[in-house]
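Just the heavy atoms: all of them, side chains too, but no hydrogens, waters or symmetry mates, feed the values below. Only a predicted model underlies this, so the values are computations on that prediction, with no experimental measurement involved.
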Amino acid sequence: MTHDWCGWRDATERALYGPGGFYTCGDGPGPAGHFRTSVHVSPLYAEALATLLCRVDAALGSPAELALVDVGAGRGELLTGVLAALPKPVCARVRPYAVERAPRPAGLDERVSWRAELPAPGSLTGLLFANEWLDNVPVDVAETDGDGVPRLVLVSPDGTERLGDPVTGVDADWLARWWPLPDCAPDHAPASGLRAEIGHPRDAAWSRAVRTLRAGLAVTADYAHSRDARPPYGTLTGFREGREVRPVPDGTCDITAHVALDACAGPGAEHLTQRQALHALGIDGRRPPLSLASSDPAAYVRALGAAGAAAELTDPAGLGSFGWLLQPVGGSCTGLLTR
């Protein structure tokens with residue numbers, strides 16, 4: 001069979017979002033059947049987001065209609081949890097939107113507007129939240145050759161790779177600014193085999209998501225790294241049935257890469273770790289007092305379980321190290337997690 005060679009961006013787009021792709025296939029459990037995100041760890045995550053939405057609501061002066069946009073909504077698990085956790089007066093004014101290319105799941109709350117694309121720019125007031133979405137926005141990969149020259153990595157449908165042409169144009173400009181690949185190793189030999197994910201499609205995707213709001217707060221939470229600590233060999237990988245696997249762009253596995261959130265940030269953006277963000281929203285993982293075990297054993301067991309889930313969500317060696325990028329829109333929603 002002839003290999004259909006192309007860059008990872010095009011290959012990933014087809015594998016994840018093409019006909020019968022990993023995310024567009026409506027059969028089965030959806031992404032939750034293959035990997036575990038913060039949304040699936042505990043209802044505490046949805047409760048924290050409900051708290052954040054209430055803060056956004058207060059900062060906006062309790063508008064008559066308060067949007068909650070979940071970008072990369074999976075099967076609607078996060079929206080379902082947030083709606084259940086909101087105070088009734090706030091919930092009555094919330095208009096929930098799920099942005100997801102997969103078909104609408106059966107049984108989802110009828111209040112949720114299910115959309116394949118983002119709402120129109122400047123059309124909503126409220127909170128836009130994207131949990132582990134940008135890591136699935138397809139990007140190309142560059143690798144330095146034997147002379148230290150960054151070249152586009154080409155891939156076939158079976159995951160075999162080879163080097164293509166040198167990186168040029170907007171790809172080269174983005175690498176130079178945000179992920180420069182050295183042309184020499186410390187011993188002055190050509191630095192071959194170094195890799196980078198070319199992130200400008202994610203910058204554009206996030207900018208478009210933020211523009212959905214005319215006022216409010218846009219937040220993305222994801223695997224992330226910064227310019228001073230880029231991984232030298234990139235992060236492109238795959239997931240299938242709860243296990244990390246070799247990325248193969250055939251639609252049978254998730255294809256993901258960590259996000260250069262600093263490149264995505266617009267003016268006035270705030271950067272936090274998930275641990276910092278959830279602590280600010282009241283999720284801290286502290287164990288309940290032992291005295292509760294004597295006075296109310298059942299309550300102690302419940303509190304202990306919640307503490308364990310909170311500890312997993314805020315673990316600095318795990319989910320707690322995720323990056324949260326907060327982008328206020330319109331000036332009212334600054335510092336909601338840092339005051």
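In this structure, the side chains of Leu128 and Val210 stay at 4.5 Å or more apart for every pair of heavy atoms. Side-chain atoms of Pro231 and His258, non-hydrogen and from C-beta on, never get closer than 4.5 Å to each other. Counting only heavy atoms from C-beta outward, the side chains of Pro316 and Thr273 never approach each other to under 4.5 Å. In this structure the side chain of Arg104 reaches within 4.5 angstrom of the side chain of Val112, judged on heavy atoms. In this structure the side chain of Glu197 reaches within 4.5 angstrom of the side chain of Val141, judged on heavy atoms. Trp178 is not listed as a side-chain neighbour of Ile198, based on a closest heavy-atom distance of 4.5 Å or more. Residues Leu261 and Leu134 form a side-chain contact, since some pair of their non-hydrogen atoms from C-beta on lies under 4.5 Å apart. In this structure, the side chains of Leu152 and Leu163 stay at 4.5 Å or more apart for every pair of heavy atoms.
Proximity of a side-chain donor or acceptor of Arg240 to a complementary backbone N or O of Thr252 within less than 3.5 Å is detected. Glu143 contributes no side-chain N or O that, together with a main-chain N or O of Arg195, makes up a donor-acceptor pair within less than 3.5 Å. In this structure, His279 contributes its side chain and Gln276 its backbone to no donor-acceptor pair below 3.5 Å. Using a distance-only test at 3.5 Å, with no hydrogens or angles considered, no donor-acceptor pair links the side chain of Glu13 to the main chain of Pro138. Of the possible polar contacts, one joining the Asp109 side chain to the Arg111 backbone as a donor-acceptor pair under 3.5 Å is found. Side-chain atoms of Arg246 come within 3.5 Å of backbone N or O of Gly159 as a donor-acceptor pair. Between the side chain of Arg151 and the main chain of Gly164, a donor-acceptor pair closer than 3.5 Å is present. Between the Arg230 side chain and the Pro180 main chain, no donor and acceptor come within less than 3.5 Å of each other. A distance-only check finds no donor-acceptor pair linking the side chain of Asp250 to the backbone of Pro157 [under 3.5 Å]. Listed for the Asn136 side chain is a donor-acceptor partner under 3.5 Å among the backbone atoms of Ile255.
A donor-acceptor contact closer than 3.5 angstrom links the side chains of Arg211 and Ser207. A side-chain donor from one of Thr212 and Arg208 sits under 3.5 Å from a side-chain acceptor of the other. Side-chain contact, Gln274 with Ser38: a donor N or O sits under 3.5 Å from an acceptor N or O. A donor-acceptor pair shorter than 3.5 Å cannot be found between the side chains of Asp262 and Ser226. Residues Asp203 and Trp174 bring a donor and an acceptor atom of their side chains to less than 3.5 Å of each other. Side-chain contact, Thr237 with Glu244: a donor N or O sits under 3.5 Å from an acceptor N or O.
The shortest non-hydrogen separation linking Ala309 to Val41 is O-CG1, 4.1 Å. Ser42 and Leu313 make their closest contact through CB-CD1, 4.4 Å (heavy atoms, listed as atom of the first residue, atom of the second, distance). Of all the heavy atoms in Ser332 and Ala59, the pair that sits closest is O-CB, 3.4 Å. The two residues His225 and Thr235 have their closest heavy-atom pair at CD2-CG2, 4.4 Å. Heavy atoms only, all atoms of each residue included: Cys333 and Gly216 are closest at CB-O, 3.5 Å. Closest approach of Leu337 and Ala280 over heavy atoms only: O-CB, 3.3 Å.
For the pair Asp4 and Arg14, the salt-bridge criterion is met [side-chain N within less than 4.0 Å of a carboxylate O].
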Begin from the C-alpha positions of Thr220 and Val71 and carry the test side-chain contact (heavy atoms from CB on, under 4.5 Å) through to its verdict.
CA-CA 9 Å; Thr220 185; Val71 186; over 6 Å; no
Show your reasoning for whether side-chain contact (heavy atoms from CB on, under 4.5 Å) applies to Leu16 and Asp254.
CA-CA 7 Å; Leu16 297 186; Asp254 183 29; 4.1 Å; yes
For Thr314 and Asp284, what are the C-alpha separation, side-chain angles and deciding distance, and is it a side-chain contact (heavy atoms from CB on, under 4.5 Å)?
CA-CA 7 Å; Thr314 59; Asp284 61 18; over 6 Å; no
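Summarising the geometry, atom CG belonging to Leu68 is positioned 11.5 Å from atom CG belonging to Asp57; distances are rounded to the nearest 0.5 Å. Expressed to the nearest 0.5 Å, how far CG of Asn131 lies from CG of Asp70 amounts to 8.0 Å. For the atom pair CG of Leu236 and CH2 of Trp8, the computed distance is 5.0 Å after rounding to the nearest 0.5 Å. With rounding to the nearest 0.5 Å, the separation of OH in Tyr97 from CG in Leu79 is 12.0 Å. Atom-to-atom distance recorded for Leu66:CG and Arg93:CZ is 6.0 Å, nearest 0.5 angstrom. For the atom pair CG (Leu281) and OG1 (Thr51), the distance works out to 6.0 Å, reported to the nearest 0.5 Å.
The aromatic rings of Trp324 and Phe129 sit perpendicular, their planes meeting at an angle over 60°, well past the 30° parallel limit.
Hydrophobic clustering keeps Leu325 apart from Val56 (ILVMFWY residues linked when any side-chain heavy atoms are closer than 4.5 Å, directly or through intermediates). In terms of hydrophobic clustering, with Ile, Leu, Val, Met, Phe, Trp and Tyr side chains grouped at heavy-atom distances under 4.5 Å, Leu83 and Leu44 are assigned to a common cluster. Both Leu127 and Leu336 are part of a single hydrophobic cluster, where members link through side-chain heavy atoms under 4.5 Å apart. In the hydrophobic clustering of ILVMFWY residues, with side-chain heavy atoms under 4.5 Å counting as a link, Val139 and Val153 come out apart. Connection of Val99 to Val39 is not established within any shared hydrophobic cluster, with ILVMFWY side chains joined at heavy-atom distances below 4.5 Å, either directly or through further cluster members.
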Less than 3.5 Å apart, which donor and acceptor atoms pair up between the side chains of residues 113-126 and the rest of the protein, not counting sequence neighbours?
| residue | atom | partner | partner atom | Å |
| --- | --- | --- | --- | --- |
| Trp114 | NE1 | Ala102 | O | 2.9 |
| Arg115 | NE | Glu117 | O | 3.3 |
| Ser123 | OG | Ala120 | O | 2.6 |
| Thr125 | OG1 | Arg214 | NE | 3.1 |

